[in-house]
Amino acid sequence: MCGVVGIYAPGRDVARLAYFALYALQHRGQESAGIAVSDGQKIVSHVEMGLLGAIFDEEILSRLRGYLAVGHTRYSTTGSSVVVNAQPLLEQSTIGEFVFAHNGNLTNHESLAETLSPDLVLVATSDSEVFSKKIVDSDAATMEDRLAAVMQQAEGAYSCVVGTERELYGFRDPWGVRPLCLGQFEGGGYVIASESCAVATVGAKYLREIEPGEIVRIDEDGLHSRKIVREEPPALCMFEYIYFARPDSKLNGRSIYMARYEMGKQLAREHPADADVVMAVPDSAIPGGIGFATESGLPYVEGLIKNRYIGRTFISPDQAMRSQGVALKFNPILENLEGQRVVVVDDSIVRGTTTPRIVRLLRDVGAREVHVRVTSPPIVNPCYLGVDMATHDELIAANLSIDEIRRKIGADSLGYLSLEGLVKSTGRPQNEFCLGCLNGAYPRIPALAEPIAVR
Ligand code: 5GP
Ligand code: MG
């Protein structure tokens with residue numbers, strides 16, 4: 001996972017716009033962040049490990065002057081969490097320097113790396129660098145032709161932004177696994193961003209999604225679009241709807257908030273509970289919790305207060321820190337829980353680290369019964385396309401039955417949303433999604449042919 005932005009806005013403070021757009025995408029990655037700016041002559045970049053607010057200050061932003069900017073915030077899936085893997089990547093090529101920002105995961109980065117000229121040295125360990133070095137290695141005369149050529153060879157998920165000295169590009173893999181959208185500033189200029197919430201944050205108007213397999217180029221003549229020839233069945237990541245995207249974003253015209261609210265309503269129909277109150281695990285499950293309460297006619301209460309200044313439980317890719325994170329993050333509201341039969345709604349159970357701790361926390365403050373409801377089906381397969389979902393061994397639902405999970409998490413009852421119910425809540429047809437983690441229906445990407453057979 002990652003967040004990417006591109007700003008093309010002559011006459012405006014593009015570094016600051018990129019900064020605020022990235023701030024709106026901080027949930028997509030908290031390991032490193034960077035902004036690169038071009039004034040038409042040269043590219044200046046600032047990239048560091050850590051959260052956006054800790055990296056950029058007035059002095060740094062004021063040094064980033066230009067009319068186009070590329071920004072990135074990172075959550076590593078392939079390649080470790082070190083500064084050489086932080087983005088945007090700055091590259092020199094025979095057609096000038098450029099910066100590259102990637103969200104996704106290439107499934108063929110190893111074989112792609114073998115096709116690089118031997119004189120090109122990979123300094124990072126990420127799949128993203130292979131893509132940017134392929135651009136460097138291309139002998140096409142324009143950046144657009146280079147991107148089109150690399151897109152023909154790259155497989156997997158890539159929603160990217162590229163900035164040259166004078167042009168901004170946004171492009172998306174032919175499956176459209178990760179989101180990427182386009183907005184326009186009043187009075188001229190464009191913004192490209194992973195999610196529409198970032199477009200709104202910088203005061204631009206949302207125009208449309210960048211299409212799967214499309215390259216958008218923005219330069220002094222305006223906006224140009226080109227669809228690369230290869231057509232693939234669409235495979236937008238369902239986990240964006242379940243968990244990843246911000247609730248105030250829209251995907252394919254559908255509000256994420258409303259989709260999650262519907263998931264909660266649908267879940268209440270599928271797995272009603274004999275209980276007194278409904279609560280959600282903040283923040284991501286709140287729309288689902290409100291939906292569940294509305295449909296079931298039970299009062300919605302706040303059972304846990306989340307400390308927003310502590311990073312996500314996934315912030316450290318290390319299991320010991322992750323476990324510690326849960327306890328540091330939530331404090332219960334005793335008055336809403338004591339003596340109550342509580343329905344607790346969460347958006348997903350991945351490894352099964354969070355839920356048992358939450359159940360224990362609720363029981364410790366006197367909840368009489370705890371009924372866990374999850375607004376997604378069991379996650380039974382890993383993600384090869386950019387979500388940090390780990391391996392089969394680590395996925396609790398890949399190894400235990402629902403009743404075994406219920407016992408392990410210590411709940412009085414457990415109910416997962418059905419796949420049909422989930423799809424219905426999105427308001428989009430099932431064949432638009434990658435459902436690999438839920439039922440093994442990965443997009444038809446050659447490297448994924450094998451894992452599909454797993455279950
Ligand atoms: P688990 O603790 O079972 O491994 O993960 C489930 C919890 O983590 C849920 O509360 C869910 O909201 C959250 N979660 C699920 N997927 C991700 C992810 O990719 N990143 C982060 N940071 N949290 C996640
Ligand atoms: Mg959560």
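Not measured: the values here are computed from a predicted model. Ligands are counted one by one from 1 in listed order, and the atoms in each one are counted from 1 as well.
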J.: Taking only heavy atoms of Ser284 into account, list the atoms of ligand 1 that are under 4.0 Å away from them.
T.: 12 (O)
J.: Does the N or O separation between Val350 and ligand 1 drop below 3.5 Å for any pair?
T.: yes
J.: Under a 3.5 Å cutoff, is there a donor and acceptor pairing between the side chains of Glu394 and Thr391?
T.: yes
J.: Is it the case that Ser401 and Arg406 place a side-chain donor and acceptor less than 3.5 Å from each other?
T.: no
J.: So, applying side-chain hydrogen bond (donor to acceptor under 3.5 Å, both in side chains) with Ser128, which one of His109, His72, Arg74, Gln87 is it?
T.: Gln87
J.: Mark yes when over 12 heavy atoms from residues, nucleotides or ligands other than Phe20 sit less than 6.0 Å from its CZ; otherwise mark no.
T.: no
J.: Identify which one of Tyr442, Trp175, Tyr241 satisfies the ring-ring contact (aromatic ring centres under 6.0 Å, His included) criterion when paired with Phe433.
T.: Tyr241
J.: Looking only at N/O atoms, are Gly352 and ligand 1 under 3.5 Å apart anywhere?
T.: yes
J.: Is there a nitrogen or oxygen of Thr353 sitting under 3.5 Å from a nitrogen or oxygen of ligand 1?
T.: yes
J.: Out of Tyr75, Phe244, Tyr243, indicate the one that has the non-hydrogen atom closest to atom 14 (N) of ligand 1.
T.: Tyr243
J.: Only heavy atoms of Asp347, strictly under 4.0 Å: list the atoms of ligand 1 that pass.
T.: 11 (C), 12 (O)
J.: Between the candidates Ile349, Thr355, Thr354, which shows the shortest non-hydrogen contact distance to atom 2 (O) of ligand 1?
T.: Thr354
J.: Heavy-atom count check: over 12 atoms from other residues, nucleotides or ligands less than 6.0 Å from Glu369 CD?
T.: yes
